[in-house]
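Accompanying notes for the structure given below.
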Amino acid sequence: AIEPYRYLVLGYISELKKDSKQALNYYQQIIEYGDGPLEEALLRIVSLDLSEGSGETAHNALECLSQLNVKFLKFYAN
């Protein structure tokens, strides 16, 4: 399906426009869709939340990433 990739591009565009809230909404759509560029969306969520948020969302995203790919376990553990 192409829809998750459309959300990814829209998220990138929102980040370029300095609209982090909208970008996070687009990345969340990818996760809710459950297919496509999940890893990239989660990485963008981590990055945005660590730079602008409380870190709680980043922690949750890292937990999901560690379940998708073991290479992220070390980041989640920290």
Side-chain angles (χ1 to χ4, degrees):
I2 197 163
E3 198 67 18
Y5 294 94
R6 185 175 78 83
Y7 290 135
L8 184 64
V9 170
L10 290 170
Y12 288 153
I13 292 169
S14 295
E15 283 190 69
L16 290 172
K17 292 180 177 180
K18 307 291 188 217
D19 189 351
S20 299
K21 185 176 179 180
Q22 184 61 53
L24 285 170
N25 286 334
Y26 284 126
Y27 299 142
Q28 183 63 37
Q29 291 294 320
I30 296 168
I31 293 164
E32 289 176 14
Y33 199 84
D35 192 20
L38 289 172
E39 196 171 298
E40 181 61 27
L42 288 164
L43 286 169
R44 297 308 314 142
I45 289 169
V46 169
S47 177
L48 286 170
D49 192 56
L50 287 177
S51 65
E52 299 179 16
S54 66
E56 185 177 331
T57 301
H59 183 269
N60 293 336
L62 281 169
E63 181 179 9
C64 293
L65 277 167
S66 69
Q67 293 173 6
L68 287 174
N69 190 330
V70 295
K71 74 180 181 183
F72 294 107
L73 273 174
K74 63 183 173 186
F75 300 108
Y76 175 61
N78 293 331

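Just so you know, these numbers come straight off a predicted model, no measurement behind them.
- More than 12 heavy atoms of other residues, nucleotides or ligands sit less than 6.0 Å from atom CG of Leu16.
- Residues meeting the side-chain hydrogen bond (donor to acceptor under 3.5 Å, both in side chains) test with Glu52, sequence neighbours left out: Ser20.
- Pro37 and Pro4 make their closest contact through CD-CB, 3.6 Å (heavy atoms, listed as atom of the first residue, atom of the second, distance).
- Hydrophobic clustering (side-chain heavy atoms under 4.5 Å, transitive across Ile, Leu, Val, Met, Phe, Trp, Tyr) groups Leu8 together with Leu68.
- Residues forming a side-chain hydrogen bond (donor to acceptor under 3.5 Å, both in side chains) with Gln22 (at least two apart in sequence, or on another chain): none.
- Contact of the Thr57 side chain with the Leu24 side chain is not registered, since no non-hydrogen atoms from C-beta on lie closer than 4.5 Å.
- Once rounded to the nearest 0.5 Å, the distance linking CG of Leu10 with OH of Tyr27 reads 9.5 Å.
- Within the structure, salt bridge (charged side-chain N to carboxylate O under 4.0 Å, His left out) contacts touching residues 10-29 (residues at least two apart or in different chains) are Glu15-Arg44.
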message = Is there a side chain to side chain contact (heavy atoms under 4.5 Å, CB included) between Asn60 and Asp49? Walk through the geometry before answering.
response = CA-CA 10 Å; Asn60 293 336; Asp49 192 56; over 6 Å; no
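- Contact record, Ala61 with Val46: CB-CG2, 3.5 Å, taken as the closest heavy-atom pair.
- The hydrophobic clustering, which links ILVMFWY residues whose side-chain heavy atoms are closer than 4.5 Å, places Ile13 and Tyr5 apart.
- Shown here for Tyr33 and Ala1, the closest heavy-atom pair between the two residues is OH-CB, 3.1 Å.
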